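Letters A, B, ... are given to chains in the order of the sequence lines, protein chains preceding strands, and every chain is numbered from 1. Note that the structure is a prediction, hence the values are computed from the model and not measured.
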Amino acid sequence: MNEVVSAIRLVPLEHYVMLSFALFSIGLAGVLFRRNTIIILMCLELMFNSVNLLLTAFSAHHSDPGGQVFVFFIMLVAAAEVTVGLAILVMMKRNVDSVDIDQLNRLRW
Amino acid sequence: MLLAALLLLPFATATLLLVARPEAQARMLAMASTLVTAVVVLLLWAGHPGTAVTVVDRDWAPAIGLRLVLGYDGIALLMLVLTGLIFPFIIGAGFKQQLDRPATVNALLLYAQSFLFGVFAAQNAFLFYIFYELALVPVFFLLLFWGGEHRRSITVRFFLYTLLGGLSLLFGLAWCVLQTPAPYSADFTALHALRLGTDVQLWLFWALFLAFAIKLPIFPFHSWQPDTYTMAPLQGTMVLGGVMLKMGLYGILRFVMPIVPEGVLFWRDLVIWLSIGGALYAGAIAFRQRELKRLVAWSSLSHVGLLCAGLFAWNSYGVSGALYQALAHAVLLVGLLYIVGAVTARTGTGDLGAMGGLKLRTPRLAALFLLVLVNAVALPLTQSFVGEWLMFNGLWQHNGWMAFAAACTIVLGAIYMLWAYQRVMLGPDSGRPALADADRDDHLYLVPLIAVSLVLGVYPGPVLDLLEAPVQQMLNTLTALN
Amino acid sequence: MVSAQLLAPLVPALPLAGAVIIAALRRRLSGHAAGLLATALIGGSFLCSVLLFLGFDPAGGAQVAHLFDWIRVADMRVGLAFQVDALSLTMMLIVTGVGTLIHLYSIGYMHDDPRQSTFFALLNLFTFAMLLLVMGANYAVTFIGWEGVGLCSYLLIGFWYTNPAYNYAARKAFVMNRIGDVGFVLGLALVFQVFGTLDYTTVMGRADGFATGAPALTAITLLLFVGAIGKSAQLPLFTWLPDAMAGPTPVSALIHAATMVTAGIFLLVRSSALFVLAPLTQDVVLVTGLVTALCAATIGVFQNDIKKVLAYSTVSQLGYMFVALGLGAFSAGLFHVTTHAFFKALLFLGAGSVIHALGGEQDIRRMGGLRSATPSTYRTFLVGTLAIAGIFPLSGFFSKDAILAHAYQHSPWIYALLVAGAVLTTYYMFRLLFLVFFGSYRGQAHPHESPAVMTAPLWVLAVLSVVGGALNLPHVFGGHEPMKHFLASAASGVGLEHLHLSALLEWSLMGFSTALVLLTIWIAYGRFAKQATLDPEAEALPVPQRWAARKWYLDELYERLFEKPYGWLSTNLSALLEQRVMQPLMVGVGGTAERIGELLRRVQTGNLSTYLFAMVAGLLLFLFLTLNGL
Amino acid sequence: MLTLFYLFAAISVLSALVVVAARSPVNSVIALIVCFLSIAGHYILLNAQFLAVVHIIVYTGAIMVLFLFVIMLLNLNRSSEPQKSLATRVAAVVAGGLVLLTLLAAVRQGISVEPARDFDIGTGLVRSVGRSLFNEFLLPFEVSSVLFLSAMVGAVMLGRREKNPQAA
Amino acid sequence: MSALILTSVLGVLLLYLGVFGQKRLLAPVAVLGLLGAIGVSATGWWMDVPLFAHMVRFDNAAAAFNMAMTGLTILLFLFGVDYYARMERDVAEHYALMVFSLTGAFLLTSYTNLLVLFLGIEVLSIPLYILAGGKKSSYRSGEASFKYFLLGSFATALFLMGIALVYGVTASFDLGRIQEVAMAQGAAPTPLFLLGLFFIAIGLSFKVAAVPFHFWSPDVYEGAPTLVTAFMATVVKMAAFAGFLRLVQFTALPPTLATALLVMTVLTLFIGNIVALRQTNFKRLMAYSSVAHTGFLLLVVLGNTAASTSTLFYYTFTYGLATVGLFVVMTLVKRAANGSEEVRSFRGLYQARPWLAITALLLLLSLAGIPLTAGFVAKYQVFLLALQAGFLKTTVLAVAMALVGIAYYIVVVREAFTADEQPLEVQVTPLNGLVVLLCGIAVVALGVWPIQLP
């Protein structure tokens with residue numbers, strides 16, 4: 001066992017899980033909390049990152065690179081999503097002149 | 001071969017009518033088709049060996065246990081005969097009741113006939129179910145296109161209510177199919193061989209029975225019926241009441257009694273009381289109906305209640321009586337409805353309050369009405385009497401009080417039927433201008449119906465003999481239970 | 001001799017053929033021809049019946065002509081079969097005999113009615129049904145006729161269909177009969193269950209195996225009696241019969257006096273083997289008959305419609321017959337049926353003749369003094385009245401006294417009540433006679449005697465009314481009760497009746513009743529023969545009389561008790577239960593579904609926050625479920 | 001090490017809270033960047049060096065800049081943006097809290113995950129991740145190109161102004 | 001496998017065609033390409049081997065799903081020729097994005113690795129986010145797109161959390177490995193694994209639009225361009241369910257999770273059907289009905305018997321056929337009714353175009369589940385399967401809800417067959433007619449001769 005391994009093992013996996021859960025929940029609460037779409041998108045990013053953190057922690061503890069590859073893909077997807085999301089946002093802003101999610105309610109019932 | 005012709009001929013004719021739309025010849029074409037099928041049905045009867053016959057037996061869609069098994073026994077044959085013989089009259093009613101777009105009307109009617117034949121010839125529960133539901137579709141359109149006021153909501157209501165039963169049946173059926181040994185089978189033979197647990201039978205009974213209770217309909221599942229019967233075009237009502245209702249009866253014999261006999265034993269008193277109660281209820285209500293057709297609708301409801309009670313008496317008399325009455329009821333109802341149509345066409349109203357004294361103008365029609373009426377009040381030597389007599393006996397064997405309550409319907413029947421006759425035909429001249437009396441066509445239509453009701457009332461032997469073996473066989477299930 | 005197998009079916013077949021032919025050709029046949037044809041066919045039937053009678057050997061038992069199996073299911077074999085035995089022969093002769101006369105009479109009576117052919121077709125049809133009733137070899141065939149006569153009765157009462165009151169009367173008759181029929185049908189079902197067959201011979205043969213008072217037999221007999229009550233117009237189902245007078249008078253004579261209404265008696269006699277084993281039923285029959293006889297008689301006293309008086313008298317006489325049956329004196333009952341058929345037909349036809357003479361007038365208060373204008377009618381009517389009053393040696397005397405004697409033997413009280421009834425009968429009949437034929441004419445029409453075609457039957461019937469007593473001449477008069485012995489061969493219960501009264505007692509009883517009757521005639525004569533003023537209206541009478549005049553308010557009672565509630569029930573079942581409960585229930589299920597749908601639809605606010613919250617709520621819910629289970 | 005973890009953890013949680021709570025979007029962005037940086041710290045603690053670098057490049061360098069860019073472009077940096085009603089906000093916090101509570105409750109008995117026996121110290125390094133990516137995860141890698149292509153096409157398509165805008 | 005490559009390349013090719021302004025070639029090329037994809041998929045039949053280090057596995061089920069989805073897309077493209085004819089720009093992009101989305105769908109049907117599942121969902125979804133907003137000038141389209149995107153991303157986050165947790169337990173994304181772990185853990189999995197599966201299931205529930213994760217669907221269905229809505233309702237639903245089923249087959253859901261999902265099924269069945277009753281907008285009606293169908297399909301997935309794949313395939317395929325056809329009919333009606341999407345505007349259809357109305361009737365009956373149409377067989381199979389799986393009470397509810405389903409479909413039928421004062425002037429181009437007719441025939445043919453996956 002070298003020091004890297006022991007360093008990784010020093011922090012219990014549970015801690016990462018809990019931290020990740022905390023970030024995830026904060027992100028989730030943020031999504032519900034805010035009206036500004038941009039912030040909501042950021043909260044979503046926060047949620048993604050909590051997952052990333054979790055995956056990395058697991059990956060490290062399992063000593064399996066797969067998890068980190070997955071994180072890599074999540075980042076890719078997040079980037080793509082953000083691109084699309086922001087494009088949609090810009091389009092919306094053009095249409096309604098607002099990024100307030102509560103303004104969007106023409107489609108209902 | 002003959003059986004296939006029964007299914008295919010109306011279907012082909014209907015499709016032809018729908019595609020080519022020969023509006024002018026539509027009625028004749030449809031009539032020709034039904035007459036041919038009537039002959040075929042009679043040939044089938046003539047060639048009936050007396051035992052159950054399987055004509056076709058092959059796989060169709062094994063995925064769902066659907067197999068193409070067609071055949072018939074005496075009971076099914078009776079229903080086939082009923083369907084085959086009554087349809088010329090249903091089509092024939094169209095010659096007087098000229099609805100627009102006759103090609104479509106007749107196409108729908110013929111589709112209904114084809115599917116009804118399918119229902120009665122199917123020996124696989126699935127096949128039965130498919131035809132059972134399909135038969136609903138033409139009626140749906142008849143009602144939607146040519147119904148009376150409020151037809152849009154009534155049509156949907158009728159459709160949904162009936163399908164409620166249909167789906168319940170499907171559910172029960174699915175459950176039963178899963179109980180057959182793998183690979184699952186929905187053949188009647190397989191289903192009838194099932195021996196289900198008692199507690200299962202108690203609830204499964206309702207899953208299966210509900211469909212037929214609604215179709216018949218018996219109290220308290222009848223709410224769709226009066227409006228539907230009243231608002232449907234005449235021919236639609238004839239199909240509904242004359243034939244489709246018998247699917248319910250047939251279904252009870254094919255599904256409920258053989259598959260869940262213990263359920264039947266457990267519930268039958270309730271069912272009989274509901275049926276008889278419904279018969280009395282409907283009979284009482286019929287009396288004060290202001291509309292002739294609605295009165296007929298309620299009267300049919302009353303008759304049907306009795307029919308169901310007879311069936312659930314579950315002995316040879318009750319079952320034979322109910323089946324015999326099924327035939328009688330078809331003849332009766334078609335006749336009554338035709339007269340309703342004739343009267344309404346002449347007076348321009350269906351309102352009993354606005355009628356009266358018609359006999360002065362149309363004595364022949366009155367006489368014909370009376371002859372149909374005789375069957376309706378089940379006087380001896382008419383078909384209805386034979387059926388009712390057997391049912392009373394059947395009920396009596398089961399429970400005297402039931403027989404008593406059932407017999408009370410003959411009083412109620414007399415009350416409302418004679419009341420209707422009096423309101424329409426009798427009484428002083430209401431000052432109408434000259435009305436056409438029953439013409440040759442009317443006679444051509446009604447006289448055969450009346451003749452059938454009288455001949456089969458005097459000599460019901462052939463029909464009863466047809467039923468003897470299959471009914472006995474069916475009752476063996478009961479004997480085996482005890 | 002032609003065999004009974006061939007002749008028996010011919011008897012009902014002839015009138016049936018007549019009915020069918022006349023009905024089919026009713027537009028081409030003149031009314032007169034139709035009448036002649038109908039009469040001829042009934043006459044043919046009568047002839048056949050006579051031939052059968054002549055060829056009948058009482059010792060040989062019943063001859064059954066089996067046509068075919070009518071209803072054949074499992075072990076139920078109901079044949080369409082005719083039975084020729086003493087009982088059916090008696091009835092056949094009455095039906096066809098009296099029927100022929102009435103047909104003949106109708107030719108004259110109906111001569112100016114436009115629907116004469118229809119009338120004769122129906123009359124023939126009725127005869128056919130009546131013959132089925134009496135000739136049936138089993139209960140089912142009897143029931144065919146039973147219902148058939150009901151239908152014909154309905155049609156004939158409402159023959160003049162433009163009058164709503166007549167139609168109402170017709171419907172009332174049919175429905176009341178139907179109420180009785182419920183009992184009949186159930187009785188048949190029970191007979192079948194108990195005996196396994198409906199054939200008379202078998203049933204009666206097997207009845208011996210039952211103990212007296214066996215519940216099954218009591219039930220059967222009670223049910224059959226319910227049927228008889230309806231058809232024979234006994235309490236509580238008699239109110240239809242007076243109303244049935246709405247029909248043409250020959251109909252009243254044939255159906256509502258001579259034949260159909262006696263079907264109930266016939267049925268009981270047919271089943272006498274069962275009834276003798278059911279003492280409870282016997283008592284019920286006795287009481288019912290007695291009460292009806294008295295009740296109807298009291299009402300008859302206050303009737304002003306000539307036919308209504310006769311109708312109540314019929315009800316009353318039917319009550320007598322039931323009393324006889326209740327006493328077990330079956331042959332006496334049937335004897336009275338026979339004589340009653342003669343004199344009541346006579347009376348009705350006479351009344352018809354009077355009505356005919358007065359151009360349709362039926363109210364006796366607007367008659368009077370017709371003795372001279374219509375001599376034949378008067379004379380025959382007088383014979384009829386004397387017969388019904390039971391004046392020696394007319395037929396009514398013998399038949400009524402047979403019943404009275406049996407009643408005395410059973411209980412003097414019953415005897416007393418019956419005599420009271422006889423007194424009342426005499427009183428109202430002579431009231432009728434005196435008001436119609438005596439005094440001076442109080443109406444506006446021009447009375448004239450009816451044609452010979454009408455009076456001839458009257459004379460025939462008058463003769464029969466006079467000599468009919470010979471049919472069952474009791475021992476006291478040197479007779480051997482031939483009818484009783486004849487009937488005993490048919491129905492096993494019939495032979496059991498024996499009068500154990502001393503000749504002296506019989507004589508004194510006869511003397512007593514005859515004396516009373518004569519006294520009554522004298523009183524009636526005093527009160528009505530010279531009557532120039534009219535009877536007061538029913539409302540003006542003092543209480544007991546008023547009630548009697550208003551038929552003891554039975555019609556009103558029934559209206560309150562049944563008709564109104566039934567109409568109310570019908571209306572409200574429809575308006576309340578159906579429209580307010582059943583329909584809303586059905587529509588409501590759909591409506592509720594839609595309302596829930598509408599409610600849930602509002603959750604879809606279009607607002608993203610809502611969606612997100614809902615998703616998180618769902619997330620929490622399912623999270624909880626997943627971690628903790630349901 | 002544990003201290004470092006707690007430090008990073010505290011920073012990430014706090015900055016995350018700021019992201020949610022901050023009035024101004026720009027503040028949120030900055031807080032998020034801080035959060036991401038702290039997460040990168042975790043990555044390093046976990047010896048996921050490749051990931052840490054990529055994370056910083058992609059998130060902080062690209063995504064967050066994009067956010068900032070859009071905020072500026074659309075001029076959204078108003079600190080007085082409308083807020084949800086108090087009840088809603090409380091509900092949001094409660095919901096988030098409940099989720100957290102439930103999740104924590106679920107793992108309160110430990111997560112019972114056995115770490116691998118034979119550790120490879122090179123797990124988080126470029127070589128290991130790269131090998132994995134181009135062997136095992138070749139297909140996803142290729143597929144992600146489709147993903148990006150569609151995202152690009154979409155962004156262009158949606159972002160482009162209509163030449164002749166007409167009313168809906 | 002080759003189909004995957006083919007469609008990816010096809011998408012690029014279409015983009016190039018767009019760049020070079022060959023608008024007329026787009027549809028033919030797309031259709032030909034997709035036909036090719038079907039052919040390629042067909043050749044892969046019975047060649048059931050894991051590919052790419054156990055990333056995907058094109059077994060028969062996958063091949064069948066792929067062919068079906070491609071077929072449905074072809075139908076939509078045929079319809080699109082007419083649909084896009086009036087569109088000036090971005091047509092190539094629309095085609096390409098749909099093809100890309102289809103590529104993602106292929107991944108969902110064939111994945112054996114959670115990463116592929118994840119990417120599949122994203123490749124499927126991202127083009128849809130864009131396509132939903134395809135009608136740029138339309139406010140509604142934008143709103144739909146935005147809602148879809150936001151909720152979709154949220155669901156993705158949940159889904160990813162699930163994958164991470166599962167990975168934590170299994171140390172692998174491979175379904176085979178996960179299956180081993182699931183077997184080992186049996187009915188009482190560790191909390192982490194349970195949570196992982198739970199979040200994955202929730203993520204997929206969003207994709208299949210199960211209550212309460214269905215909120216996007218009515219709004220998006222209504223707002224998105226009809227063609228895209230049809231694509232979503234058919235191909236996307238099919239792919240999502242195929243993906244879901246695959247997951248369930250490998251992990252054999254822990255009992256408590258299955259119970260929770262059963263509750264979700266019940267909610268979905270109930271709300272989807274009941275709310276659909278009150279819809280007047282046809283597209284929203286279809287959205288809710290789609291939610292309702294999700295309920296039935298969830299039963300299949302949860303039942304997870306040997307017949308599940310076959311049933312699911314049959315159900316989704318026939319449902320897709322009927323839906324595509326109906327959306328085409330609706331578009332035609334909408335054009336005739338001045339852009340109204342209300343159910344009411346179907347009135348008079350039978351008068352104007354009897355055959356169109358009759359075909360629409362067949363399609364509606366199929367959706368409603370009336371015999372001799374495919375929908376009936378599909379529903380029956382679901383009931384059978386659910387009963388087999390022991391969901392007695394839920395099946396009763398499902399049956400009752402099937403009736404409610406019939407209720408709202410039949411209302412459309414009623415409208416279509418009710419005469420209207422003003423005749424509906426419906427223009428049917430041959431291609432449109434062909435699509436509708438194909439759907440109608442297919443629905444009946446499949447109802448009369450139901451197919452079953454081996």
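Among all heavy-atom pairs drawn from B:Gln472 and C:Ala74, the shortest one is OE1-CB, 4.4 Å. For B:Ala367 against C:Arg26, the heavy-atom pair with the smallest separation is CB-NH2, 4.0 Å.
A distance of 6.5 Å separates CG of C:Leu151 from CG of B:Leu370, quoted to the nearest 0.5 Å. How far CD1 of B:Ile285 is from OG1 of C:Thr571: 10.0 Å, rounded to the nearest 0.5 Å. Between the CH2 atom of B:Trp224 and the CE atom of C:Met582 there is a distance of 13.5 Å, given to the nearest 0.5 Å. Atom CD in B:Gln397 sits 10.0 Å away from atom CG in C:Leu190 (nearest 0.5 Å).
Contact annotation for C:Asp69: only backbone heavy atoms (N, CA, C, O) come within less than 4.5 Å of a heavy atom of chain B. Contacts of C:Tyr154 with chain B are made by side-chain atoms alone, with heavy-atom separations under 4.5 Å and no backbone atom involved. Contacts between B:Glu388 and chain C at a heavy-atom distance below 4.5 Å are absent for every atom of the residue. With a 4.5 angstrom heavy-atom cutoff, C:Leu223 touches chain B only via side-chain atoms. Within the 4.5 angstrom heavy-atom criterion, only side-chain atoms of B:Val374, from C-beta onward, approach chain C. Contact annotation for C:Phe68: only side-chain heavy atoms (C-beta onward) come within less than 4.5 Å of a heavy atom of chain B. Heavy-atom distances place the side chain of B:Trp298, and not its backbone, under 4.5 Å from chain C. Only the side chain of C:Leu155 comes within contact range of chain B, with heavy atoms under 4.5 Å apart.
Within the 3.5 Å criterion, the main-chain N or O of B:Pro460 finds no donor-acceptor partner in the side chain of C:Trp70. A distance-only check finds no donor-acceptor pair linking the side chain of B:Glu468 to the backbone of C:Val73 [under 3.5 Å]. Although no hydrogens or angles enter the test, the distance criterion places no donor-acceptor pair under 3.5 Å between the side chain of B:Ser223 and the main chain of C:Gln583.
Looking at residues two or more places apart in sequence or on another chain, you find a side chain to side chain donor-acceptor pair (under 3.5 Å) between B:Asp227 and B:Arg294. Remark: C:Asn572 engages no residue in a side chain to side chain donor-acceptor pair (under 3.5 Å) (not counting sequence neighbours).
Ranked by heavy-atom pairs under 4.5 Å with chain B, the first of C:Trp146, C:Tyr161, C:Phe192, C:Tyr166 is C:Tyr161. Heavy-atom pairs under 4.5 Å with chain B peak, among C:Val185, C:Asn163, C:Val589, C:Leu577, at C:Leu577. Ranked by heavy-atom pairs under 4.5 Å with chain B, the first of C:Arg72, C:Met176, C:Arg115 is C:Arg72. Your options are C:Tyr566, C:Trp160, C:Tyr168, and the one with the most heavy-atom pairs under 4.5 Å with chain B is C:Tyr566. Note: C:Asn167 leads C:Asn167, C:Leu80, C:Val175 in heavy-atom pairs under 4.5 Å with chain B. Comparing B:Phe385, B:Tyr459, B:Tyr317, B:Phe404 by how many heavy-atom pairs each has under 4.5 Å with chain C, the most go to B:Tyr317. No other option in C:Val182, C:Leu569, C:Val78 has as many heavy-atom pairs under 4.5 Å with chain B as C:Val182. Ranked by heavy-atom pairs under 4.5 Å with chain C, the list B:Leu467, B:Val377, B:Leu395, B:Leu475 is led by B:Val377.
More than 12 non-hydrogen atoms from other residues, nucleotides or ligands lie less than 6.0 angstrom from NE2 of B:His443. Under a cut-off of 6.0 angstrom, the local environment of CZ in C:Arg27 is crowded, with over 12 non-hydrogen atoms contributed by other residues, nucleotides or ligands.
Within the 4.5 Å cutoff, the side chain of C:Thr162 has heavy atoms near those of the B:Leu360 side chain. Side-chain contact between B:Phe392 and C:Leu188 is absent, with no heavy atoms from C-beta onward closer than 4.5 Å. Using a 4.5 Å heavy-atom threshold, the side chains of C:Gln193 and B:Asn393 count as separate. Between B:Leu390 and C:Met76, some side-chain heavy-atom pair lies under the 4.5 Å cut-off. Using a 4.5 Å heavy-atom threshold, the side chains of B:His222 and C:Met586 count as separate. Two residues are said to be in side-chain contact when any heavy atoms from C-beta on lie closer than 4.5 Å; B:Trp389 and C:Phe143 fail this criterion.
Heavy-atom neighbours of chain C within the stretch residues 153-164 of chain B, taken at a separation under 4.5 angstrom, comprise B:Arg157, B:Tyr161.
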Under 3.5 Å, sequence neighbours excluded: what are the donor-acceptor pairs made by side chains of residues 406-422 of chain B?
unit_1: B:Thr409; atom_1: OG1; unit_2: B:Ala406; atom_2: O; d: 2.4
unit_1: B:Trp419; atom_1: NE1; unit_2: B:Phe287; atom_2: O; d: 3.3
unit_1: B:Gln422; atom_1: OE1; unit_2: C:Arg171; atom_2: NE; d: 2.5

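Side-chain N/O atoms of C:Ser574 and B:Arg288 include no donor and acceptor closer than 3.5 Å.
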